Amino acid sequence: MKDAAPQPTLLADYTPYPFRIGGVDLTFRLAPKSTRVIARIDFAPNPDRPGRHDLRLHGEGLKLMSAKIDGRKVKPARDAEGLTVAAAALPEGAFTWEAEVEIAPARNTALEGLYMSNGMYCTQCEAEGFRKITFYPDRPDVMAPFRVRIESDLPVLLSNGNPVAQGEGWAEWHDPWPKPSYLFALVAGDLAAVSDSFTTRSGREVALNIWVRAGDEDRCAYAMDSLKRAMKWDEDVYGREYDLDVFNIVAVDDFNMGAMENKGLNIFNSRLVLASPETATDGDFERIESVIAHEYFHNWTGNRITCRDWFQLCLKEGLTVFRDQQFSAHMRSAAVKRIEDVLTLRARQFREDMGPLAHPVRPDRYIEINNFYTATVYEKGAEVIRMLKLLVGDEGYRKALDLYFERHDGQAATIEDWLKVFEDATGRDLAQFNRWYTDAGTPRLSVRETWQDGTYTLTFAQHTPPTPGQDEKPPRVIPIAVGLINPNGDEVVPTTLLEMTEAEQSFRFEGLASRPVPSILRGFSAPVVLERQADAAERAFLLAHDTDPFNRWEAGRALARDVLTGLIAEERAPAGEYVEALGRMLTDEGLDPAFRALCLRLPSEDDLAQALHDAGLTPDPDRIHAGREGLATQIARQLQKPLAAIFAQMETPPPYRPDAGPAGRRALRLACLGLLNRTDHGTRAAALFAQADNMTESAAALACLIDGGRGAREIGAFYERWQGNRLVIDKWFALQVAHAAPEMAAQVAARLSEHPDFEWKNPNRFRALLGALAANHAGFHHISGAAYRFYVDWLIRLDPVNPQTTARMTTAFETWTRYDGDRKSMIRAELERLAATPELSRDSFEMVSRILGADG
Ligand code: BES
Ligand code: ZN
């Protein structure tokens, strides 16, 4: 790979494909080591690309058995990426291409294309996996209706669209909706269905099936319920109905990602389908609800309207994440959901945006597109739409979306198309707004305040630090939601949206009786870093009085961060005010337990490393760990009484229910447990572990025991109980590594990697162990360097087997330039070792080069 450095694909180079496809006919003769794929594709010249052109088809790892055009044999020119039939060898107008290829799904460990998982055939084609199935223009702007015939002895044979016919050993499917190849799917296996139905608002009866392995049927109820709620919600809120007779979901154990929206045949990582109270946590249930909804929502935002090219990925992903966030906010608590989403955004996207991997929401170059399914495209992509909605208002948003669906249905669209519907529907000029799509980096917003004669003035200044390849950052439009609160706690100016468009800009509030306390960036109205120093008293005041729940939480968060960074950097801990404010909030029975649980959660060690780095300091992982542990213990001592009382009060009566109410009570109870565990010698955790009837409590109790350096017996008991349940055993691996003491983490991971259940080729299992190691901040960055070495050893081992998962996991190092010289040189050496690996995949090569580019 290093002899010929891979060439990037550029947004600027886009040209339409020279042909259109009238229809695709595929026949699969399935066999593990020799599947035959017979394709018949009707091509016609594309009027958008006049002239005569070669026929260029993608294809990778395919054995071409025969190729014909209009029934006559042809011998195309082959290369590593596909084949070419010269224009001169093509008929002048329309023609039919026929090809038969052979592939070996049983040898496909990369889990892209057609592969096997536990004896079942399945596919993953996004982004560029279809080219591993047959020769095809594997790009999203080429859309066609598909007919599929599957021949196999396996009992269940599925593909996209509606079933047409079936018999002994075969089945035929037809998908009438033109779609790009990345949405193709096929599944064949010995599967059991959990079935239900949904009647759309126009009266279409849709058969719903969730396909799982026999024995797993009793863990599908929550996914099915979530699906029906999502279908209803999309009708009610977006006016979008489902458009086929069947909707199938299949759960597979070996899957690189979370789930995939293939038309009419969604394929899911089994961890995002299977759940019962005994095996899944509240967090798992919540995630299942949102991912089921996400993939379902793609039916309109992604499938009916798809992307012109992969640079437009946020067109479907940012919008669909925004839609699934809205859905979850409606199903649960909007305030809690917003806080959770911002926590994720900061932990993943801000982290990415401040490091060597920073890129725009709409990137303009890539080497491997799989590397661009990032927090920036997804989470920031959703934030950008949230801002757009704030700026045009709810009605404007609805009008724009109606226009989007009307104008672009059946098309492969761009971000320009997307912004144009907002301009046309609302009359607003969005030229400046477009910078949110083209410019990388998180803007920093500073604030000055003046108070004179009843007039309060807020002056904001915005500045975005340079990111790789982008030095100059012109000002962006930033929607800043502001409220003002009187010193007595009354809100004197309710939430007002300020639109900042200049580098520096002032906003005046007149006729006030006394100097107010500002509540800025309510609801986190823009994905920016608010740089505003405030003293502990003011933060405590907002934690007590802000009417905006997000900013109330944010005030507590800022207070905790200030205390912790002070403690870590200066060994001085004026935490009293913080702990008192926390105590008042904790015992405020008017507050949602889930909200209180979030307030009790301290910033993570990684968040603190980022905060220290932002403040111009070099984060020391040991001190961060010690400081955070110290503050938690101080809270536990000082608030021992209320914590114990709430721990008792928040017990949830059986039977277990996964919805927001009881889940919030458990979250608060378990947050209290985490603190109480620091002073009670593990008695509560051990008792809870012994009696828990659900995984939420079992896993939390086990984590506490491991945190306290206890739990050897419980770790054994947990394994005995759950051996054979892959999803629960994943938790068993992850918990032990994530909660290991810093100096032990690499050793614990190494020991577990020798365990017979460490099936490292399974991405869930690999992530359970290695992902948990990277998430153990002080353990991963332990000064011995043992974790870095161990981690890279495993990346090198996984890369030839599964490049996509390997490349994603290199992001554990994306923050490496924050740290001290010793750690930096150890990490650099490891990254260089990885980069120098013979035959390193293009995926990992691109990631390592970009990460190393950070510091030369
Ligand atoms: N389209 C993606 C799945 C995908 C991503 C396939 C990357 C191939 C490469 C799907 O809609 C998706 O976004 N899945 C997410 C979960 C979602 C809820 C954010 C995933 O798999 O992590
Ligand atoms: Zn998606």
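Side-chain atoms are counted along with the backbone in the values below, which use heavy atoms only and exclude waters and symmetry mates. Model, not experiment: these values are computed from the prediction. Order of listing sets the numbers, starting from 1, for every ligand and every atom in it.
- Here H294 has side-chain heavy atoms under 4.0 Å from ligand 1, and that is the only part of it that gets that close.
- Side-chain contact between T374 and L357: absent, with no pair of heavy atoms (C-beta onward) separated by less than 4.5 Å.
- The distance from ligand 1 to the heavy atoms of E261 drops below 4.0 Å at these ligand atoms: 1 (N), 2 (C), 10 (C), 11 (O).
- Between P763 and L111, some side-chain heavy-atom pair lies under the 4.5 Å cut-off.
- Put simply, the angle at the Zn ion (ligand 2) from NE2 in H294 to OE1 in E317 is close to 110°, to the nearest 10°.
- Distances from the Zn ion (ligand 2) show that E295 has no N/O/S atom below 2.8 Å.
- The six-membered or imidazole ring of W310 lies near that of Y182, with a centre-to-centre distance under 6.0 Å.
- Aromatic ring orientation, H294 versus H298: perpendicular (interplanar angle above 60°, classes split at 30° and 60°).
- Side chains of E295 and N266: no donor on one and acceptor on the other come within 3.5 Å.
- Against a heavy-atom cut-off of under 4.0 Å, M260 is close to the following atoms of ligand 1: 1 (N), 3 (C), 6 (C).
- Taking the ring axis of Y222 as reference, the NZ or CZ atom of R229 stays within 45° of it and closer than 6.0 Å to the ring centre.
- Close approach of ligand 1 to H298 is summarised as follows: ligand atoms under 4.0 Å from at least one heavy atom of the residue are 11 (O).
- Of the protein's non-hydrogen atoms, the one nearest atom 7 (C) of ligand 1 is Y373 CD2, 3.0 Å.
- The closest heavy-atom contact to atom 2 (C) of ligand 1, among the options M257, K316, E317, Q804, comes from E317.
- Restricting H298 to its N/O/S atoms, the shortest distance to the Zn ion (ligand 2) is reached by NE2.
- Between R797 and K761 there is no side-chain heavy-atom pair separated by less than 4.5 Å.
- The protein non-hydrogen atom at the shortest distance from atom 6 (C) of ligand 1 is Q124 NE2, 3.3 Å.
- Taking the six-membered ring where the residue is Trp, F297 and F327 present perpendicular rings, their angle passing 60° and hence far from 30°.
- Summary of contacts: the protein heavy atom closest to atom 16 (C) of ligand 1 is E295 OE2, 4.0 Å.
- Regarding atom 3 (C) of ligand 1, its nearest protein heavy-atom neighbour is A259 O, 3.1 Å.
- The protein heavy atom nearest to atom 8 (C) of ligand 1 is E126 O, 3.1 Å.
- The distance between the ring centers of F813 and F780 falls below 6.0 angstrom.
- Among protein heavy atoms, atom 13 (O) of ligand 1 sits closest to Y378 OH, 2.7 Å.
- Classified by interplanar angle (parallel below 30°, tilted 30° to 60°, perpendicular above 60°), the ring pair Y238/Y397 is perpendicular.
- Close approach of ligand 1 to G258 (heavy-atom distance below 4.0 Å) involves ligand atoms 20 (C), 21 (O), 22 (O).
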